[in-house]
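The structure under discussion appears below in the form of structure tokens.
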Amino acid sequence: MSVTEIIELSAAEAARETAAGELSAEELFNAYRVRAAADAHELNCFTWVAPEGSAGPAANDSAGTDAPLGGVPLAVKDLFCTKGVLSQSGSRILEGYQPPYTATAVRRLLQAGASLLGKTNQDEFAMGSSTENSAFGPTLNPWDRTRVPGGSSGGSAAAVAAGLVPWALGTDTGGSIRQPAALCGIVGLKPTYGSVSRYGMIAFASSLDQAGPLTRDVTDAALLLRHMVGRDPCDATSLRFPHEIELPRAERLDGIRLGVPAELTGGAADGGSEGAGAGASIEGQGIEAGVLDAFRAVLDRAAALGAEVVERVSLPHAPHALSAYYVLAPAEASSNLARFDGVRYGLRAQDAEDLLDMYERTRHDGFGAEVKRRIMLGTYVLSAGYYDAYYGRAQRVRTRIAEDFARAFDAVDFIVTPTAPTVAFKLGEKTSDPLAMYLNDYCTVPMSLAGIPAISIPCGLSEGLPVGLQIAGPAFSENALLDTAHALEQALGFDGRAARV
């Protein structure tokens, strides 16, 4: 089988080929390893690639090619700990760090037969929407190398879209799997909070962080997720998944009710909560006309497949989600990142006058501007006199958002929105305006605050760049969510081959 033929296989197809003996795991791994190694001067997707001659790096505890994932190469975001392999979370403060253990999510995939191909670039400590905040330089979008791939899992998304790896792991705090998936024209799934162990993930915001797959199609996302979920004694927030993840087969949407919330789709809000006012819509705040056109076309296609499209489902507190998120996430980050002080691991400032000077200089030299910004903001909202005014209020908004979704799911099966308000934007376009950058997560943050699963699938092009459709469902509805996404995917027939380098 030629390299071109190998690269065109989906991950599920490649696993079947290796199981059938039509393709060796070593041949499969090496085909991708060569492409990934050459990426250093192209898209900058990887921070580490398995060395030449390895068909199973030291961090791979694989059960062998007869296992369900059949030796298919896997890339994982830089914030997943991988034993003996660089795990730097996109930050200079962890430059050169090699953990003594492997994250549970990664370990489970390796035991299921995946092979660790590389670690992918990301925004520092997952703080960003463009992968421009990485200490190791920005990743480029394979559809247009003058544009960003989204973030913070931009390296994983770009690597999958470019055909440098069949599938990859990312993490989603406020949209960091779904938004880069949309901008790169691939599938990205954020599972129900707690369904995948966070043990071994270098933390950003512990009540929001969740690992998930980035893949070429919905079937691959289901296959990868199947071997990630489950209770982990090392993570007290992890949960037993109530049923096995099934591979999607649906071709129709008969009986499915899809809700379209005005607050997240550029329409005028119907009613709304107290204080929502003009903020109840994002009209004029960045949903591009081309994105809305592609979204509306998908709704028409869904109706043709038998779905009932319910317009103007109300999520009255959704317009406040972004504000609440940028209080809660920095607050948790300020606590989580306190461990990076130069004492135990990572960077340590030299020639410090005393212990306090060493702390200050290490954190000054090791953290980037966006991380410092969020640490300061998080420390402020947790400080005496401001805790109730900011952090306490944001937590109450979070509860209201979860309640809004619960009411909406009494009327519909799924909520559908654009994944991102725009297509991929130019490198450097928003780096000087943090608020404009934060608006990229407007449509994805509400689902993160509610802890519910959501998937992004490519649904068309605007100005030659991919547009993402987001589908969100109740907690632990992943199987039905994947079936719905699969039926739409098959009907849409999106062709991502243009991005493969």
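All values reported here derive from a predicted model rather than from experimental measurement. Residue numbers count from 1 along this sequence.
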Value rounded to 0.5 Å, distance of CG in L482 from CG in L223: 11.0 Å
Are the side chains of M447 and R178 in touch, meaning some heavy atoms are under 4.5 Å apart? yes
If you count the non-hydrogen atoms of other residues, nucleotides and ligands that lie under 6.0 Å from NE2 in H364, is the total more than 12? no
Do S153 and S176 have side chains that get closer than 4.5 Å, going by heavy atoms? yes
Basic-acidic side-chain contact under 4.0 Å: R500, E42: no
CZ/F405 to CZ/R400 distance, rounded to the nearest 0.5 angstrom? 15.5 Å
Taking the side chain as C-beta and beyond, is there a heavy-atom pair between V416 and F295 under 4.5 Å? yes
Using 0.5 Å steps for rounding, measure from the OG1 atom of T104 to the CZ atom of F80. 10.5 Å
Would you sort out whether W143 and V423 count as a side-chain contact (heavy atoms from CB on, under 4.5 Å), showing the intermediate values? CA-CA 11 Å; W143 288 83; V423 294; over 6 Å; no
Does the side chain of N121 reach to within under 4.5 Å of the side chain of D78, using non-hydrogen atoms? no
D433 with K430: basic N within carboxylate O range, under 4.0 Å: no
Count the heavy atoms of every other residue, nucleotide or ligand shown that sit under 6.0 Å from OH of Y390, and state whether that count exceeds 12. no
Can you tell me how far the CH2 atom of W48 sits from the OG atom of S87, to the nearest 0.5 Å? 9.5 Å
Between K77, Q210, R198, Q122, which is the residue that forms a side chain to side chain donor-acceptor pair (under 3.5 Å) with T171? K77
Are any of the side-chain heavy atoms of P248 and D483 separated by less than 4.5 Å? yes
Checking side-chain contact (heavy atoms from CB on, under 4.5 Å) for the pair C443/T419: CA distance, chi angles, key distance, verdict? CA-CA 6 Å; C443 297; T419 307; over 6 Å; no
So do the side chains of P458 and V187 get within less than 4.5 Å of each other, counting heavy atoms only? yes
Would you say E311 has more than 12 foreign heavy atoms packed within less than 6.0 Å of its CD? yes
Between R374 and F125, is any pair of side-chain heavy atoms under 4.5 Å apart? no
Taking atom CZ of R393 as the centre, report whether more than 12 heavy atoms of other residues, nucleotides or ligands fall under 6.0 Å from it. no
Check: S462/D293 side-chain N/O donor and acceptor closer than 3.5 Å: no
Taking atom OG1 of T131 and atom CD of E124, what is their separation to the nearest 0.5 Å? 12.5 Å
Does a donor on one side chain sit under 3.5 Å from an acceptor on the other, for D209 and T173? yes
Is it true that the side chains of K119 and T47 contain a donor and an acceptor less than 3.5 Å apart? no
Applying side-chain contact (heavy atoms from CB on, under 4.5 Å) to L328 and S207, what does each step give before you reach the verdict? CA-CA 9 Å; L328 298 173; S207 75; 6.0 Å; no
Determine whether the side chains of E288 and T422 contain a donor N or O and an acceptor N or O closer than 3.5 Å. no
Would you say the side chain of D172 lies within less than 4.5 Å of the side chain of T444, judging by non-hydrogen atoms? no
Distance col, row D220:CG vs L247:CG, nearest 0.5 angstrom, shows 9.5 Å
